[in-house]
Amino acid sequence: MHKPIIVLGGGPAGGAVALGLIRLGYPVTVIGQARPFDAVEGISERVVDGLRGAGFHKALTAIRTPSARNATWNGESNSANTERLISRRKLDEGIWQDLQDAGVECIDGRVTGVEQDSSTLNVTYQTDAASNATQTIQGAFLVEARGRAAPSARLKRFRGSETISLLQYWQGPAAEAQSAAVSFEDGWAWMAMTEEGKRYLQLTFDVATANLPPKAELAQFCTQRLLTIPQAAPFMANAEPIGDPHARTSTPILCEEAVGNRWIRVGDAAMAVDPLSGNGIFQAMSSALQAPAVINTLLKFPERMALAKVFHQSRVNALFYRFARIGRDFYQMETQWNERPFWESRHHWPDDIPMHIATTFDEFEVKTMPVVQEGEIIAADVVVTPDQPLGIWHLGGIELAPVVLAVKQRKEGQTLESCLSDLALAPSQRAAVINWLQGMGLR
């Protein structure tokens with residue numbers, strides 16, 4: 001393949017796809033620009049592990065040591081957790097360097113147009129904002145990873161309650177790094193403070209009921225609202241706001257068509273949920289890490305094209321509903337303002353299905369489903385349960401479907417050890433499987 005795979009967006013999702021494709025031997029070109037607003041974000045240890053597992057190195061240097069995180073929800077405060085504060089601009093700069101080090105062609109530019117049909121892919125971009133000059137690159141496949149800013153491309157989308165976040169930097173003296181999440185009558189706030197004294201204050205509201213003032217009055221509006229939140233006082237102490245507030249949508253959105261024959265959407269371009277979950281980077285990378293295998297299958301194994309599409313879309317859907325339900329359950333914990341529009345509309349969205357469904361062994365089924373194997377999407381027998389509808393292929397490296405079938409076919413009075421005797425399991429594997437089965441009440 002001489003034409004590169006073109007990735008639009010150089011954040012964690014686009015970067016993870018690019019690194020995965022490079023490892024599979026594909027030429028990759030990433031086109032992206034720095035964020036116009038340098039947000040501070042809080043990430044968990046699993047995000048750090050995910051970035052490391054994706055192959056990022058320089059990006060990890062932008063991540064600070066864990067700092068205290070206070071949550072005040074439903075009138076109760078909890079300081080048991082920590083999180084790592086990051087500058088998204090510095091993280092993205094590290095990702096950009098990691099991509100270049102891996103051999104990815106990186107173009108600092110703004111995409112102005114994409115033309116694609118069954119045989120042609122042309123991406124037009126500008127590298128100089130002051131000039132109208134454009135350049136065009138031809139590609140073999142398109143990865144849309146520009147986050148929420150990605151054009152809808154008239155694709156069908158499922159949207160949650162319309163949500164907006166207003167964020168603004170404040171500057172004060174050096175202080176101990178910390179962050180806080182606080183609920184209030186018409187929304188919630190997230191606040192962070194770095195060692196350098198930079199404070200990042202964010203207010204999240206319902207679009208329909210926020211009654212926001214004109215843009216010129218937003219700064220005063222934010223300050224007044226923050227003054228009504230006692231937990232904001234340490235973040236505002238001896239500090240002054242810098243610049244105007246930045247407004248961005250926080251509406252949960254699922255792209256119901258996230259993959260085609262020669263294109264794929266990943267990260268927030270495929271699905272984005274309410275930032276309340278605090279899993280933005282994690283969820284973006286979750287859909288991106290599987291994408292190289294999907295792309296590889298679409299390009300090299302056209303007979304498995306439908307299988308690869310089902311694999312990607314089903315996992316994007318599952319991720320969306322998983323994180324949406326996490327957010328719903330957290331919103332339901334706040335009961336002080338049940339009848340207020342912000343809270344009422346979020347207490348039962350996207351549905352009333354519990355996060356985890358109790359399952360018995362009798363409900364286990366063996367089905368043929370798409371899975372990843374050595375950089376390809378293949379069909380394999382997996383174990384499907386009400387709580388794991390996408391299926392479980394392996395358990396600790398042991399293929400699970402033959403185990404479940406053997407147990408379901410065992411004769412009355414037959415021991416687990418006996419019914420598994422025909423399977424090619426090492427003694428340690430057999431012991432692990434029996435322990436798993438006994439944990440579900442089988443004897």
Side-chain angles (χ1 to χ4, degrees), residues 42 69-81 83 148 157-168 179-192 200-215 217-236 245-254 268 271-280 283 317 319-357:
R69 180 181 188 273
N70 178 272
T72 302
W73 211 256
N74 201 36
E76 298 182 3
S77 295
N78 186 306
S79 302
N81 297 324
E83 63 184 345
R148 292 177 182 269
R157 293 181 169 194
F158 174 58
R159 300 176 69 92
S161 299
E162 297 295 327
T163 309
I164 188 170
S165 293
L166 303 177
L167 23 117
Q168 186 175 34
S179 59
V182 184
S183 61
F184 56 86
E185 186 177 16
D186 295 317
W188 61 277
W190 186 77
M191 301 164 287
Y200 179 84
L201 308 179
Q202 174 177 292
L203 296 167
T204 296
F205 300 98
D206 183 88
V207 171
T209 60
N211 297 318
L212 297 178
K215 184 176 180 180
E217 300 174 18
L218 278 179
Q220 183 180 5
F221 171 84
C222 289
T223 299
Q224 290 175 341
R225 293 309 300 263
L226 289 166
L227 288 172
T228 68
I229 302 173
Q231 294 82 358
F235 297 88
M236 303 172 70
H246 180 77
R248 66 180 181 186
T249 178
S250 302
T251 304
I253 301 174
L254 169 65
D268 285 356
M271 52 79 59
V273 297
D274 194 309
L276 176 67
S277 65
N279 288 311
Q283 73 193 25
N317 293 350
L319 283 167
F320 177 81
Y321 282 99
R322 174 190 172 195
F323 287 110
R325 289 166 185 152
I326 289 174
R328 174 204 63 195
D329 291 351
F330 198 64
Y331 278 127
Q332 288 179 351
M333 293 170 62
E334 175 52 80
T335 61
Q336 298 178 96
W337 305 291
N338 285 347
E339 296 181 0
R340 297 295 298 178
F342 180 92
W343 300 99
E344 184 180 31
S345 66
R346 290 161 176 79
H347 275 185
H348 299 285
W349 184 89
D351 50 40
D352 291 318
I353 297 174
M355 263 296 295
H356 297 291
I357 302 173

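- Under the rule for a side-chain hydrogen bond (donor to acceptor under 3.5 Å, both in side chains), the partners of Asn70 that lie at least two apart in sequence or sit in another chain are Thr72, Ser79.
- Partners of Glu334 under the side-chain hydrogen bond (donor to acceptor under 3.5 Å, both in side chains) rule, at least two apart in sequence or in another chain, are Ser183, Gln336.
- Taking CH2 from Trp188 and CG from Leu203, the interatomic distance works out to 10.0 Å, rounded to the nearest 0.5 Å.
- Using a 4.5 Å heavy-atom cutoff, the side chains of Leu212 and Leu166 are in contact.
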side-chain contact (heavy atoms from CB on, under 4.5 Å), that's the test. Do Leu254 and Met271 meet it? Break it down for me. CA-CA 4 Å; Leu254 169 65; Met271 52 79 59; 4.0 Å; yes
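- Without hydrogens or angle criteria, Asp274 side chain to Pro252 main chain gives no donor-acceptor distance under 3.5 Å.
- Here the CG-CE distance, from Leu226 to Met236, works out to 5.0 Å after rounding to the nearest 0.5 Å.
- Checked against side-chain contact (heavy atoms from CB on, under 4.5 Å), Asp206 has the following partners two or more places apart in sequence or in another chain: Ser161, Ala208, Thr209, Phe342, Ser345, Arg346.
- With a 4.5 Å cut-off on side-chain heavy atoms, Gln283 and Leu319 do not count as touching.
- Every residue two or more places apart in sequence or in another chain that forms a salt bridge (Lys or Arg N to Asp or Glu O under 4.0 Å) with Asp351 is listed here: Arg325, Arg328.
- Under the rule for a side-chain hydrogen bond (donor to acceptor under 3.5 Å, both in side chains), Thr223 has no partner lying at least two apart in sequence or in another chain.
- Note that the CD1 atom of Ile229 and the CD atom of Glu185 stand 11.5 Å from one another [nearest 0.5 Å].
- Asn78 is linked by a side-chain contact (heavy atoms from CB on, under 4.5 Å) to Ala80, counting only residues two or more places apart in sequence or in another chain.
- Closest approach of Val273 to Phe323, counting heavy atoms only: CG2-CB, 3.7 Å.
- Here the closest heavy-atom approach between residue Gln231 and residue Met191 is recorded as O-CE, 4.0 Å.
- Interatomic distance, Phe184 CZ to Arg340 CZ, rounded to the nearest 0.5 Å: 11.0 Å.
- Listed by chain and residue number, Trp349, Pro350 satisfy the side-chain contact (heavy atoms from CB on, under 4.5 Å) test with Ala324 (two or more places apart in sequence, or in another chain).
- Applying the ring pair (Phe, Tyr, Trp, His ring centres under 6.0 Å) test to Phe221 and every residue at least two apart in sequence or in another chain returns Phe205.
- By the neighbour-count criterion of 12 heavy atoms within 6.0 Å, atom CD of Glu76 is sparsely surrounded, having that number or fewer from other residues, nucleotides or ligands.
- Not counting sequence neighbours, Gln220 has no partner by the side-chain hydrogen bond (donor to acceptor under 3.5 Å, both in side chains) test.
- In this structure Arg157 satisfies the salt bridge (Lys or Arg N to Asp or Glu O under 4.0 Å) test with no other residue, sequence neighbours excluded.
- Nearest heavy atom pair, residue Thr204 against residue Gln202, reads OG1-NE2, 3.7 Å.
- For Ser250, the side-chain contact (heavy atoms from CB on, under 4.5 Å) partners are Thr163, Ser165, Pro275, not counting sequence neighbours.
- Note: Tyr331 OH to Ile326 CD1 = 13.0 Å, rounded to the nearest 0.5 Å.
- Between the Gln332 side chain and the His347 main chain, a donor and an acceptor come within less than 3.5 Å of each other.
- Once rounded to the nearest 0.5 Å, the distance linking CD of Glu162 with CD1 of Ile253 reads 7.0 Å.
- Every ring pair (Phe, Tyr, Trp, His ring centres under 6.0 Å) that His246 has, sequence neighbours left out, goes to Phe37.
- Trp343 has its ring centre less than 6.0 Å from the ring centre of Trp73.
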